[in-house]
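Counting starts at 1 for both ligands and their atoms, in listed order.
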Amino acid sequence: MTIETRTSIVWDYGRAPESTDHIRLKDRYGLFIDGEFSEPADGTYVPTTNPATEEPIAEVAYGGPDDVAAAVEAARAAAPKWAALKDLERAKYLFRIARLIQEHARELAVVETMDGGKPLRESRDVDIPLAAAHFFHYAGWADKLRYGVNAREVSPLGVVGQIVPWNFPLLMAAWKLAPALACGNVAILKPAETTPLTALLLAEICQEAELPPGVVAILTGNGDTGAALVREKDINKIAFTGSTAVGRDIQAALAGRAVGLTLELGGKSANIVFEDAALDQAVEGIVNGIFFNQGHVCCAGSRLLIQESVRDEVIAKLWQRMGRLRVGDPLDKNTDVGAINSAEQLSRIEALVAAGESEGAVRQTIECELPERGYWFAPTLFTDVSPAHRIAVEEIFGPVVSVLTFRTQAEAIEKANNSRYGLAAGIWTDKGAKAFEVASALQAGVVWQNTYNHFDPTAAFGGYKESGFGREGGPAGLRPYLQVVR
Ligand code: NAP
Ligand code: MG
């Protein structure tokens, strides 16, 4: 027979790097206040780096208390005119910003990937298109606000301060700015220290859209800049996305003040696989649930609950699939898992993974060649996890999944709800009735059925318990930016 003469074909992807020559970054960015870029009061600039190379990309201003005060003053001055603008006129600006995001999509995607480390495939196909979609969606609401709030008469709140994290920098900026502006508020956005660049490009887009000065300010800096913004006297609302610890600090700082607050915080979301699920499809969903954006996702499916009867089969398929994940250069179009956002985040992940091992869970990490420089963590699976282990309780915010098992539907629900968080959940089953029954028993703001990490500007997103309060997206996302007059 000729069979022995055949050789198996081993093939791999060639490199497919996205080019960076088309991006136009300045060497240095000031604070965007009153429609202009200006020097920070104390003259401090700090470089933002590329976590995949550790190379600096551009220098960015650090906003201090005087800068925060100046931004609030400019915003207050701009507020009445923006609120008095005809609804349809306000909508036009939002449509313009949405279209300009689309026009600049390629540049925004590359800069997002360079500044934050996420794979280009994700910034190009998820972050940037969804950011534009949020502006389009809320542009459509600007002249229909009453219909979003039971036909009541509403007015804007005034000056809102918005603080966003580093995992979806431009997308989180869009989640915050689009509804705030549509409702007639003016906004001051504080991007995260490690990922300020796309927010600064958005400031240039606001200029290009001829948005009136003062309606949007972009105040780069660090946690102190955010803390100063929260403590400003003349502010009407704070919208925060980030960690539960900082959320708590903000809530305490605002106690007793007439300042609106919404908090979108952490999570430890359960992804539940029932024995009747389409298992190959579920495995794709598990991978997307925890390895999308290196697991730097507040709603990541980080607690995988598998029905015992299919445990071994699912784990075997998952491990095999994990071995095919391509980890490395985020600018390569074939990369699935990019760089960890910062050295600080990498050490947080390493500490929790070490705790998982010392508490007795079984760790498997895929073998892959990692670049010499930059911050990396290879996709990791923990089995034999008990519900009391730190890796089953605390948010790792990295590419690490903890597997727990269950026997019955009731046990799945109980285990899924056994968390101080309640941001999202996934259910994998062939039975529609079971999915609805389980979904209604879960304490989670979003429940996906036979999919995961699926986002849409028309759908509300937000938490239960320590995952925060308030909703973003869809008509529910209007309410936190409006007061009911009558
Ligand atoms: P973080 O430390 O809470 O930072 C979030 C933002 O708050 C950043 O802009 C940060 O600035 C700023 N900040 C830090 N300390 C502050 C203070 N005392 N007062 C006011 N602002 C302050 O969170 P992170 O570690 O960057 O982000 C990861 C966390 O965010 C995870 O827990 C994740 O679950 C959560 N998250 C939640 C959602 C959601 O929608 N629920 C979405 C994404 C992320 P600097 O970065 O400049 O320090
Ligand atoms: Mg950076």
Do any of the N, O or S atoms of T194 sit under 2.8 Å from the Mg ion (ligand 2)?
yes

Lys/Arg-Asp/Glu bridge criterion (N-O < 4.0 Å) met for D249, R231
yes

Considering non-hydrogen atoms of the protein only, which is the closest contact for atom 23 (O) of ligand 1, and what is the distance?
S243 N, 3.4 Å

Tell me whether ligand 1 is touched by P191 - counting only heavy atoms on the residue side and a distance under 4.0 Å.
yes

N-O pairing of E59 and K26 below 4.0 Å
no

Any atoms of ligand 1 less than 4.0 Å from a non-hydrogen atom of L423? List them with their elements.
41 (N)

What is the closest protein heavy atom to atom 41 (N) of ligand 1, and at what distance does it sit?
L265 O, 2.7 Å

Any N or O of W175 that comes nearer than 3.5 Å to an N or O of ligand 1?
no

Numbered atoms of ligand 1 (with element) below 4.0 Å of A192, judged on heavy atoms:
9 (O), 46 (O), 47 (O)

Is the count of non-hydrogen atoms from other residues, nucleotides or ligands lying under 6.0 Å from Q102 atom CD greater than 12?
yes

What about Q345: any of its N or O atoms under 3.5 Å from an N or O on ligand 1?
no

Quick one: closest heavy-atom pair of S386 and A392, and the distance?
O-CB, 3.5 Å

Which of the ligand 1 atoms, numbered from 1, are nearer than 4.0 Å to a heavy atom of D249:
18 (N)

Of R231, K190, M172, E193, which has the heavy atom at the shortest distance from atom 10 (C) of ligand 1?
K190

Should N167 be counted as touching ligand 1, given the test is an N or O pair under 3.5 Å?
no

Thinking salt bridges, do D332 and R326 make one under a 4.0 Å N-O criterion?
no

Around atom 24 (P) of ligand 1, find the nearest protein heavy atom and jot down its residue, atom name and distance.
W166 NE1, 3.5 Å

With heavy atoms of P165 as the reference, note each atom of ligand 1 found under 4.0 Å away.
27 (O), 43 (C), 44 (C)

Is it true that E466 and R420 make a salt bridge, defined as a side-chain N closer than 4.0 Å to a carboxylate O?
yes

For ligand 1, which part of V164 has a heavy atom less than 4.0 Å away: the side chain, the backbone, both, or neither?
backbone

Ligand-side contact atoms (ligand 1) for residue partner G221, heavy atom cut-off under 4.0 Å
47 (O)

So which heavy atom in the protein is nearest atom 16 (C) of ligand 1, and how far is it from that ligand atom?
V246 CG1, 3.4 Å

Pick whichever of G247, C298, G468 has a heavy atom sitting closest to atom 36 (N) of ligand 1.
C298

Residue, atom name and distance, where the atom is the protein heavy atom closest to atom 14 (C) of ligand 1
G223 CA, 3.5 Å

Mind checking whether T194 has an N or O less than 3.5 Å away from an N or O of ligand 1?
no

For Y45, is the NZ or CZ atom of R28 found under 6.0 angstrom from the centre of its six-membered ring and inside 45 degrees of the ring axis?
yes

Kindly indicate whether a cation-pi arrangement holds for K237 with Y481, taking the cut-offs as under 6.0 Å to the six-membered ring centre and within 45° of the axis.
yes

Show me which atoms of ligand 1 lie under 4.0 Å from any heavy atom of G226.
19 (N), 20 (C), 21 (N)

Say whether T48 and D115, considering side chains only, have a donor N or O and an acceptor N or O under 3.5 Å apart.
yes

Between the side chains of T113 and S123, does any donor sit under 3.5 Å from an acceptor?
yes

E208 atom CD, over 12 foreign heavy atoms within 6.0 Å
yes

Any N/O pair G242/ligand 1 closer than 3.5 Å
yes

If you scan protein heavy atoms around atom 32 (O) of ligand 1, the nearest is E395 OE1, 2.6 Å

Measuring from non-hydrogen atoms of F240 to any atom of ligand 1, is the shortest distance under 4.0 Å?
yes

Testing L197, L201, T198 for side-chain contact (heavy atoms from CB on, under 4.5 Å) with E112, which one passes?
T198

Using protein heavy atoms only, decide if any is under 4.0 Å from atom 4 (O) of ligand 1.
no

R303 side chain to A416 main-chain N or O, any donor-acceptor pair under 3.5 Å?
yes

With no hydrogens and no angle check, just 3.5 Å: does a side-chain donor-acceptor pair link E284 and Y452?
no

Angular separation of D115 O and T48 OG1 about the Mg ion (ligand 2), given to 10°:
140°

Can you find an N/O atom of F397 closer than 3.5 Å to an N/O atom of ligand 1?
no

Salt bridge present between K176 and E472 (N-O < 4.0 angstrom):
yes

Checking heavy atoms under 4.0 Å, the part of E472 that sits near ligand 1 is neither

Regarding E122 and K118, does a basic nitrogen lie under 4.0 Å from an acidic carboxylate oxygen?
no

Using 2.8 Å as the threshold, say whether any N, O or S atom from T49 sits that close to the Mg ion (ligand 2).
yes

Atoms of ligand 1, numbered as shown, that sit under 4.0 Å from any heavy atom of I163
6 (C), 7 (O), 9 (O), 12 (C), 20 (C), 21 (N)

Enumerate the atoms of ligand 1 whose separation from the nearest heavy atom of R348 is less than 4.0 angstrom.
25 (O)

Would you tell me whether R348 and Q345 have side-chain atoms, one donor and one acceptor, within less than 3.5 Å of each other?
yes

